[in-house]
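What follows is a short report on a single structure.
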Amino acid sequence: MGKNTEIADIFDKIADALEFKGDLVFKVNAYRKAARVLREYSGDITSIHPSEIEGIGKGMAEKIEEYLKTGRIKKYEEVISDIPEGLLELLNIPNLGPKTLQLLYKELGVKNITDLERVIDEGKIAHLPGMGEKKEENIKKGLLLYRAGKSRIPLSMALKVVREVIKPLSSVSESISPAGSLRRMKETIGDIDILATAEKLDDIINTFVRQPYVKDIIAKGDTKASVRTSYEDLQVDLRVVEKDSWGAALLYFTGSKAHNIKLRGIAKERGLKISEYGVFKGTKRIAGRTEQEVYKTLGIPWIPPEIREDRGEIEAAMKGELPVLIEQKDIKGDLHVHSHYSDGIDDIETIVVAAKKMGYEYIGICDHSKTSKIAGGLDEDTLKRRNEEIDSVQEKIKGIKILKGMEVDILSDGSLDYSDSVMEELDFVIAAVHQGFAKNVTERMKSAMNNPFVDIIAHPTGRLLSGREGYKINIEEVMMYAAKKGVALEINASYDRLDLNDVNIIKAKNYGVMFIIGTDAHRIDMLGDIELGLGTARRGWLEKKDVLNTYRWDNIPLRRRKG
DNA sequence: GCCGTTTTCGGCCCGACTGTTTTCAGTCG
């Protein structure tokens, strides 16, 4: 874990503690904001003065320096000194906020989750001032959810669910769109947000809560309903608005929260007020039908949802320096597809036909090398046979170039799984770590990059969204070396990887790294995962020129061609 | 605690829904 993250975690804990104690909301927010910007900061915190970062002032900067020097922050130790360990953890329980927790602690002596369970069982909460039967019931429900460990689901699954959820609502809606973190293509999704509009607003709400996928109605009002669905217990929030508010509501509901807060702050400075109903001058609505209209009142162009994270996009928009983000139509081919020669399902012809159908100009067949035995890695003879088959399929199918690639293992001593003479015969090589995750990975990757036939490093951090931590690696060092050597880093689009992720992409781009977006498809229906990789690349501010597989094959700036 | 093209003091995004309330606090997003 980097220093940035360590300090961010402490700031978040300070915020929890202060909130619990009933300190000023603005102070609490200041700590939360500092934690967020620190966590996402793309530079080296030790090489600048922290207060240069927006959201970090004198006080925070002092605490950061204190931590870098001594490894601790006194303020943190002070604020938690009189709070029992494990108490603040209870703030993660839905429907249980700081005020209620403070009440339970003071009046009933609740110090941990066991205590909380006990006072619920004994029915003690309902008798407290401001509490009642229903509040107690809601806390009980929240505790069950918390126990179930309701975690975030992968973007790919959320995209599938949202299509199912929207289907039956389309006929009663005039417009309907996913919003929230799903529209921003975040790698994992907490709950699904949907915005809709129609002549009769309550029709949509009523249709929605009656769907067979609704397991439990959490809340239902005139303009908003929340339900728990039978899809993995996923929560779906539906909000309906008048047509004139569509753009303002879509903006508001898409977030991120930090992006909205900044926009609203800027509006306020100019005597305007932005809400989900529109932009207001006094009581007069001056915009709101489209997102473009809302941004325009602030004098800035429309900002793509994927970068609405308050990571400098609003400032860039004001200066007219928004990136022109990469799009699906820019992708000329997929360079990371496995065939049945290793651990893929489909034969080469099937893959090529599918790739052609996607409109690609080329497709890179990219199997595992010999050491990856479990994944059916190819020895030199099998590789030769595979390449001959590629030649014969190429004879048969025109209009798409089939490339001979390999995902070559980086071995535990940093050497590569094939000799140079084998790799030289290939169109391109992706080098990858598949074993020894804790063994000198940084050095091994650098050593692999010293080989002139290595064009790309696959899934550079090795993390899996489903929980695997990834390599023990200094990723900044790898980025710098990749930039120096002209080796591209992969944005692996496989639903469980999305590696590099958004923040690392921004960092790598700043170092001058080039990228590929590869699906790592093991069957042809996974070629569509390119959508996930594109979303991630866009979240990383990438433009067409940053990504190798947007170039035509004859002028793709591969390392081996640059000499 | 942060911040400043009205401000170094006095602001700090805005609203829906729920449950407890005779006018509002808490939680959530």
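Protein chains get the first letters and strands the later ones, always in sequence-line order, with residue 1 at the start of each.
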**Prompt:** Got a sec, which residues hit salt bridge (charged side-chain N to carboxylate O under 4.0 Å, His left out) with A:Glu52, two or more places apart in sequence or on another chain?
**Reply:** none
**Prompt:** Which pairs count as salt bridge (Lys or Arg N to Asp or Glu O under 4.0 Å) when at least one residue sits in residues 166-175 of chain A, sequence neighbours excluded?
**Reply:** A:Glu164-A:Lys167, A:Glu174-A:Lys243
For residues 271-278 of chain A, run the donor-acceptor check on the side chains, cut-off 3.5 Å, and write out each pair with its distance to 0.1 Å, sequence neighbours left out.
{"residue": "A:Ser275", "atom": "OG", "partner": "A:Tyr277", "partner atom": "N", "Å": "3.0"}
{"residue": "A:Glu276", "atom": "OE2", "partner": "A:Arg239", "partner atom": "NH1", "Å": "3.4"}
{"residue": "A:Glu276", "atom": "OE2", "partner": "A:Arg239", "partner atom": "NH2", "Å": "3.1"}
{"residue": "A:Tyr277", "atom": "OH", "partner": "A:Arg239", "partner atom": "NH2", "Å": "3.4"}

Identify all pairs in which a protein N or O lies below 3.5 Å from an N or O of nucleotides 3-11 of chain B, and state each distance.
{"residue": "B:dC3", "atom": "OP1", "partner": "A:Gly55", "partner atom": "N", "Å": "2.7"}

**Item:** Syn or anti conformation of B:dT7, syn meaning chi within 90° of 0
**Value:** syn
**Message:** Looking only at side-chain N and O atoms, does A:Glu313 offer a donor or acceptor that is under 3.5 Å from a partner on A:His259?
**Reply:** yes
**Message:** Exactly one of A:Arg36, A:Arg39, A:Lys33 should register a salt bridge (charged side-chain N to carboxylate O under 4.0 Å, His left out) with A:Asp12. Which one does?
**Reply:** A:Arg39
**Request:** Could you work out the separation of B:dT21 and B:dG26 based on their C1' atoms and round it to a whole Å?
**Result:** 12 Å
**Request:** Have a look at A:Lys273 and say if it touches a base, only the backbone sugar-phosphate, or nothing, with a 4.0 Å heavy-atom cut-off.
**Result:** sugar-phosphate
**Request:** Quick one, give me the B/S/- string for nucleotides 22-29 of chain B, reading 5' to 3', where B means a protein heavy atom under 4.0 Å from the base and S means that only happens at the primed atoms, P, OP1 or OP2.
**Result:** ----SSSB
**Item:** side chain to side chain donor-acceptor pair (under 3.5 Å) between A:Ser256 and A:Arg308, worked out
**Value:** CA-CA 6 Å; A:Ser256 67; A:Arg308 295 181 195 166; over 6 Å; no
Under 3.5 Å donor-acceptor pairs involving side-chain atoms of residues 60-67 of chain A, not counting sequence neighbours:
{"residue": "A:Glu65", "atom": "OE2", "partner": "A:His49", "partner atom": "NE2", "Å": "3.4"}
{"residue": "A:Glu66", "atom": "OE2", "partner": "A:Lys74", "partner atom": "N", "Å": "2.9"}
{"residue": "A:Tyr67", "atom": "OH", "partner": "A:Glu6", "partner atom": "OE1", "Å": "2.7"}

